[in-house]
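Throughout, a chain's letter reflects where its sequence line sits, starting with A, and its residues are numbered from 1.
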Amino acid sequence: MSESPEYEVPEHIDNPLWHLVRRYARPYAPRYLVAIVGTALAQVPQRVPAVVVGVALDAILLSSTPYTLPGVPTGWIPTTTEGQVTFTIGLLVTAYGLDAGLSWFAGRISGTARLRTLHDIRVDTFDALVDRDLGFFDERQTGDVMSVLNNDVSNLNGFGNNAVQGLRFVMQIAVAFAFMAALHLRLAALLLVLPVGLALLGRWYTTRVEPVYEEVRESVGRVNAMLEDSIDGIATVKSFAREDRERDAVAGASREYRDRNWSVIRLRLAFNLSSWSVASFSFIGLFALGAYINLNGAPPVLGEALTAGTLVTFLLYSKSFYGPIRQLMLDVLDSYENALASSKRIVAVLETDRDADDTGETLDVREGRIEYDDVCFGYQGSDEQQLTDVSITAEPGSLVGIVGPTGAGKSTITKLLFRFYEPDSGAVRIDGTDVADVSPHSLREHLGYVSQDPFLFYGTIRENIGYAVDDPGQAEIERAAKLAGAHEFVSELPDGYDTQVGERGESLSGGQRQRVAIARALLREPEILVLDEATSHVDNETERQIQESIDALAGERTTLAIAHRLSTVRNADTIVVVDDGRVVEQGTHEELVERDGLYADLWKVQVGDIDAVSESFLARARGEDRPSERVESVLDGEVSR
Amino acid sequence: MSESEDERSESSDTGSGDAASSEGGRGKIAAAAEDERWPLASLLRDGGRGNLRWLGAGGLSSVGAQFLSNMDMFVIGLAFDAMFNDRAYDLPLVPTGWIPADPTPQLAFTVALLLGVKVVDMSMGIFAQYSLFLFAQRTLHRVRVDAFDTVQRLDMGFFDTQQTGEVMSVLNNDVNSLEQFLEIGPNLGVTAVAMFASSVFYMALLNWRLALISLAIAPVLLAVNFWYGMRHEARNDEVREETGVLNALLETNVSGIQTVKAFGGERYETDRVERQSATHRDASWRAHLVGVAHQPSLRLLAGVAFVATLFVGTEWAIESQFWFVPGTITAGELVPFMYYTQNLVLPVRFLAWVTGLYKGATSSAKRILGVQRMDPPRDDGRTELDDPQGRVEYDDVSFSYPGTDEFVLHDIDLAVEPGETVGLVGETGAGKSTLLKLLQAYYDPDEGAVRVDGHDVRDLTRESLRRSIGYVAQDPFLFTGTIRENIEYAVDSATDAEIEAAARDAGAHEFISELDEGYEAEVGERGVKLSGGQRQRIAIARVLLADPPMLVFDEATSHVDNRTEVLIQRSLDEVTEDRTTFVVAHRLSTVRNADRIVVMDDGRIVEQGAHDDLLERDGQYADLWKVQVGAVGD
């Protein structure tokens with residue numbers, strides 16, 4: 001992961017989170033507005049009971065002052081005690097009703113708005129992602145890209161939730177202070193010490209804890225990596241009988257994690273103690289000061305007198321600040337930071353040039369002649385030239401085998417045919433048309449592709465064979481499956497063509513997957529078929545079956561077959577031998593064996609005649625870690641764990 | 001404390017994609033602890049042994065702190081009565097002589113009392129947190145290490161049938177979710193109960209008859225809360241299900257991107273993702289609807305209790321009568337009473353939160369216990385394999401994998417002399433690898449015996465047996481660390497010269513010395529990229545350093561390109577010279593020069609002999625060979 005390139009946000013965007021909000025929240029602006037206003041308003045009735053209890057205490061229970069409420073005209077208030085009790089009860093019932101109603105309503109509205117926004121962001125991000133060129137995916141690990149689509153999007157969801165919380169907390173504190181200010185301005189001003197003090201402490205804690213927390217995350221990462229390492233390599237551990245050593249290593253990492261965790265806990269305890277102190281001592285101070293003013297009159301700085309009921313209201317409010325401020329400072333701010341980091345990656349995916357400039361002419365394939373004309377190519381970001389002066393011609397209907405050592409550039413040659421990458425010089429032509437001039441979509445319609453590791457999508461076998469074809473008929477699917485030699489085993493499955501495969505489905509053997517993949521390629525009746533080492537991972541028997549189906553197909557369409565095992569392409573019309581990015585030999589099997597060059601050496605290895613292999617062949621193998629090969633082996637996914 | 005803790009549960013939206021998919025396998029792991037009624041308690045009892053006093057002390061002082069912390073409004077209420085309502089200042093448990101008679105000294109007394117109580121309260125609170133954290137951290141460390149150690153000592157049968165992902169998820173996710181629970185669960189649970197109990201306690205102390213009225217709502221509150229909790233859980237299950245499907249869809253797209261592009265399937269995929277994302281959105285919406293009604297309903301119910309209490313309390317205070325129910329209460333008693341009434345909702349929500357955490361932790365605990373209850377094989381009573389020569393005999397061996405009744409090996413008889421090189425060939429599933437697993441005693445044969453130097457491997461300690469066999473797998477596993485550490489893995493320590501010699505024998509020295517950091521280069525995720533052939537040679541060097549008398553190459557070169565294979569084979573010719581060597585091969589070329597080639601089919605040995613003999617016999621081997629050289633149909 002650490003090697004994956006960063007996600008770059010385009011320069012004209014200052015704050016990616018804000019950018020996403022503007023772009024994706026705008027269509028739901030009225031909902032957001034209603035949700036915000038509703039949430040804010042709901043906090044007003046929620047704060048009423050504390051005021052009412054105070055007033056009722058003064059006016060009804062102690063009968064010390066007349067019944068007045070901030071913001072309520074005196075004319076509305078009954079004068080009899082009985083009436084005042086009824087009024088108080090009515091007011092509270094209304095407040096509770098309004099609180100529940102408004103909270104529920106605002107919650108609903110903000111829920112629809114948030115979930116719709118997220119859905120839009122997720123779909124758009126995915127859409128932008130699939131259009132990125134292959135280079136983007138080559139440079140990144142699957143998990144890394146996946147985390148943009150799930151973790152980052154759900155971080156935004158978390159932020160949405162927390163933003164609503166934050167709004168509620170801020171409003172709760174603001175409304176409480178507004179009521180308090182109406183009751184006793186100067187004491188309210190003095191009490192500001194409490195939220196400000198708590199907020200400052202929260203700030204102090206988060207800045208102090210963040211670096212320590214970083215270390216904790218690192219060490220938990222180490223523990224997990226170590227566990228994974230041992231479990232993945234359990235066969236190795238056992239074959240060397242090194243269980244004790246693994247135990248000690250895991251115990252060491254776990255102990256380190258525990259110790260680092262403990263430093264976070266120490267900080268947290270310090271923070272808890274100090275914030276409790278601030279909250280508790282302000283509360284006791286408020287009580288002392290308020291009761292003193294009530295008993296002995298206010299000192300000049302604090303202005304007017306204070307009733308017992310107002311003091312109760314103040315005390316009740318001051319008890320309610322601790323939780324919200326703590327959460328505001330810790331969780332809400334934290335989720336903002338998270339969402340900001342996530343939105344950076346999302347925006348980087350969304351806002352960059354897409355590969356699919358699906359313009360260009362429509363490709364018209366008449367015969368299926370493929371020409372590589374002096375093609376040179378190097379992967380982006382690598383100085384090494386991957387292909388040098390490659391010239392190959394595949395006649396219509398012929399089977400061309402491409403062979404060569406790992407890293408020679410075999411796969412790269414076929415990738416250029418698909419226009420996954422553009423050649424640096426030279427051209428790839430189909431029936432005389434440069435593939436660079438046609439739209440990728442129309443180009444790929446004519447190409448059938450079976451990859452080295454046959455990739456099946458999550459879905460049924462039918463969906464996989466009929467992949468990206470509109471509404472294929474059962475007859476067509478069966479025909480393709482028969483051609484690929486897949487029909488027989490598919491019909492034997494309990495669910496037949498409706499068997500779930502892919503990630504969470506039925507496990508098929510390598511050869512079976514391969515044949516499904518071939519059927520998928522054949523269904524579209526492509527004029528050109530590309531098989532990338534299609535048979536290197538299956539056993540001999542399966543290979544024979546597949547090879548038979550390929551042989552049966554040859555003649556109808558032009559086929560490029562990359563082969564690891566030379567036996568696969570022994571019958572090809574032309575075998576192209578690639579080494580270090582160059583075409584070194586071409587011809588039929590017999591011609592090439594006779595020539596006694598690279599192919600002949602490779603063949604000797606194939607038949608186990610190791611002692612006859614030439615020295616020059618081996619000399620090359622010894623130097624196999626030349627950088628160019630390393631690059632391709634990385635790109636081919638042969639990455640060291 | 002706060003208003004919103006339990007809304008966090010709502011944000012567990014995406015991100016737990018594999019949770020659903022691996023549930024099946026983890027279920028199997030949990031089955032081992034199925035009879036356990038209180039899995040979490042058992043796990044904590046085992047893992048927390050020696051530290052349980054911290055749990056007890058922490059819990060007790062948390063209760064104490066909560067009672068003291070809730071005391072302040074009680075004291076303030078009585079002080080109010082004394083100072084502003086001309087009542088006598090009477091505190092339970094405090095001798096009347098200590099309490100001053102005039103308002104201002106009364107105030108000073110009250111403040112001093114509050115401060116004193118607060119200091120004790122905070123000390124107990126901090127002590128409670130400290131002890132509970134201490135308990136949690138120590139316990140987790142032990143649980144993590146113990147669970148891992150049990151797992152790694154299980155026999156290979158376990159790893160062959162369980163996906164390593166599932167085991168990992170127990171060691172990793174389940175231990176982490178236990179950690180999440182332990183960090184807040186005990187404290188939160190105790191706090192919730194103590195908060196509720198202390199509120200009820202002070203309410204009863206102030207006016208037990210009014211307390212009965214306030215508390216009448218409590219069962220309703222609990223019932224409603226429970227009902228919402230159930231509904232929320234059901235809806236969240238749906239969300240998790242949809243999240244799993246969505247993530248699987250996204251993942252296949254990202255890892256199959258080349259196929260998507262080759263088929264021009266980009267728009268098709270976007271449509272599928274859009275549909276699934278919409279399904280997911282709708283499920284989330286249904287879950288949200290429950291959540292959004294939950295809190296307001298609770299507040300509304302609490303409001304009903306509050307209003308009723310205030311109404312009755314006020315009437316009692318001014319009329320000493322509410323309808324036909326007589327009663328008395330002072331103003332200073334009613335105020336704290338109202339505060340405590342309001343305080344009843346929060347613990348209920350904490351309890352709901354802690355129940356959720358508890359449920360998660362229980363199912364995690366069940367899986368962890370399931371892992372810990374598994375029985376690692378023991379070496380007790382077995383003998384050490386001394387000075388092994390490498391004579392291997394399979395004597396009429398039949399074998400089926402545990403839990404299946406299909407024999408994968410039938411009546412295998414094979415005797416291999418020290419120093420002999422045996423090639424094993426045959427179709428996938430013919431039993432080649434299984435044969436060698438029996439040699440390493442990963443499984444015991446059902447019938448017959450496998451002997452090394454005449455000892456039945458069942459009588460030998462696994463450690464001494466496995467150390468005498470060097471095993472090289474198809475996909476070599478390198479541990480995170482340097483090349484040197486990887487080669488050194490098999491032994492306790494080795495000199496540079498020994499390591500280099502092993503690397504030379506494996507044909508690895510040359511490329512290692514060309515790396516910038518040589519033997520100190522890091523391999524693995526963050527280290528240098530090595531090709532399959534290079535990694536394989538490091539793995540071979542690792543085996544050779546231990547200098548075992550027997551070697552097993554299990555398709556060791558089938559993922560390596562032709563050139564490298566030749567290189568590896570040539571460098572191995574010498575080291576296999578005087579060791580008993582088994583080579584399982586995919587490509588027949590690999591074993592062409594073996595002393596003996598054993599052809600297996602369907603769990604039986606069908607042919608054996610040297611390459612040329614077997615070709616001459618024109619049997620199964622000869623057929624396979626034709627495929628190898630591409631002479632199909634010849």
dist B:E463:CD -> A:R242:CZ (nearest 0.5 Å) comes out at 8.0 Å

Heaviest contributor of heavy-atom pairs below 4.5 Å to chain A, chosen from B:P103, B:S297, B:A108, B:A317, is B:P103

With no hydrogens and no angle check, just 3.5 Å: does a side-chain donor-acceptor pair link B:E269 and A:Y467? yes

Cut-off 4.5 Å, heavy atoms of chain B, and the answer for A:I231 is both

Pair count under 4.5 Å, heavy atoms only, with chain A: among B:Y339, B:Y489, B:F306, highest is B:Y489

All heavy atoms of B:R466 vs all of A:K238, minimum pair found to be CD-O, 3.1 Å

So, the part of A:V530 with a heavy atom under 4.5 Å from chain B: the answer is neither

Between the CD atom in B:Q152 and the OG atom in A:S230, the distance rounded to the nearest 0.5 Å is 6.5 Å

The interface call for A:T88 against chain B, heavy-atom contacts under 4.5 Å, is side chain

So, the part of A:E243 with a heavy atom under 4.5 Å from chain B: the answer is both

Most contact-rich option vs chain A, by heavy-atom pairs under 4.5 angstrom, among B:L134, B:V591, B:T330, B:T314, is B:L134

Looking only at B:T110, B:D149, B:D121, B:L300, the option with the highest number of non-hydrogen pairs under 4.5 Å against chain A is B:D149

Okay, A:L57 and chain B: the region with an atom under 4.5 Å from a heavy atom over there is side chain

Point to revise | Candidate pair A:S239 and B:Y442, rule side chain to side chain contact (heavy atoms under 4.5 Å, CB included), full reasoning | key: CA-CA 9 Å; A:S239 74; B:Y442 287 133; 3.6 Å; yes

When the 4.5 angstrom heavy-atom criterion is applied to B:V335 and chain A, the contacting part is side chain

_Under a 4.0 Å threshold between the charged nitrogen and the carboxylate oxygen, would A:K319 count as salt-bridged to B:D72?_
yes

Applying a strict 4.5 Å limit to non-hydrogen atoms, the region of B:A539 in contact with chain A is neither

Please report the C-alpha distance between B:R267 and A:D127 in whole Å, then the side-chain angles of each, then the deciding distance to 0.1 Å, and finally whether the salt bridge (charged side-chain N to carboxylate O under 4.0 Å, His left out) criterion is met. CA-CA 8 Å; B:R267 292 290 80 74; A:D127 195 45; 2.6 Å; yes

If one checks every heavy atom of B:Q440 against chain A at 4.5 Å, the contacting part turns out to be side chain

Steps toward salt bridge (charged side-chain N to carboxylate O under 4.0 Å, His left out) verdict (A:D131, B:K261)
CA-CA 9 Å; A:D131 278 341; B:K261 286 184 173 292; 5.1 Å; no

Residue from B:R153, B:M83, B:K118 scoring the most non-hydrogen pairs under 4.5 Å with chain A is B:R153

Note to self: B:M73 vs A:L316, test: side chain to side chain contact (heavy atoms under 4.5 Å, CB included). Steps then yes/no.
What the structure shows: CA-CA 9 Å; B:M73 284 308 280; A:L316 288 178; 3.9 Å; yes

Bottom line for A:V53: the part with an atom under 4.5 Å from chain B's heavy atoms is side chain

If one checks every heavy atom of A:R268 against chain B at 4.5 Å, the contacting part turns out to be side chain

The interface call for A:L102 against chain B, heavy-atom contacts under 4.5 Å, is neither

When the 4.5 angstrom heavy-atom criterion is applied to A:N296 and chain B, the contacting part is side chain

Bottom line for A:Y292: the part with an atom under 4.5 Å from chain B's heavy atoms is both

Notebook entry, point to check: Does A:F240 have its ring centroid less than 6.0 Å away from the ring centroid of B:Y471?
Noted result: no

Under 4.5 Å to a heavy atom of chain B? For A:L269 that would be both

Bottom line for A:R520: the part with an atom under 4.5 Å from chain B's heavy atoms is both

Honestly, the part of A:T112 sitting under 4.5 Å from a heavy atom of chain B is both

dist A:L118:CG -> B:S277:OG (nearest 0.5 Å) comes out at 8.5 Å

Intermediate values then yes/no, side chain to side chain contact (heavy atoms under 4.5 Å, CB included), B:R299 and A:W104 = CA-CA 11 Å; B:R299 281 212 300 275; A:W104 174 77; over 6 Å; no

Given B:L310, B:L249, B:N253, B:I469, the one with more heavy-atom pairs under 4.5 angstrom with chain A than any other is B:N253

Handout entry: Steps toward side chain to side chain contact (heavy atoms under 4.5 Å, CB included) verdict (B:V111, A:F287)
Key = CA-CA 8 Å; B:V111 169; A:F287 169 72; 4.1 Å; yes

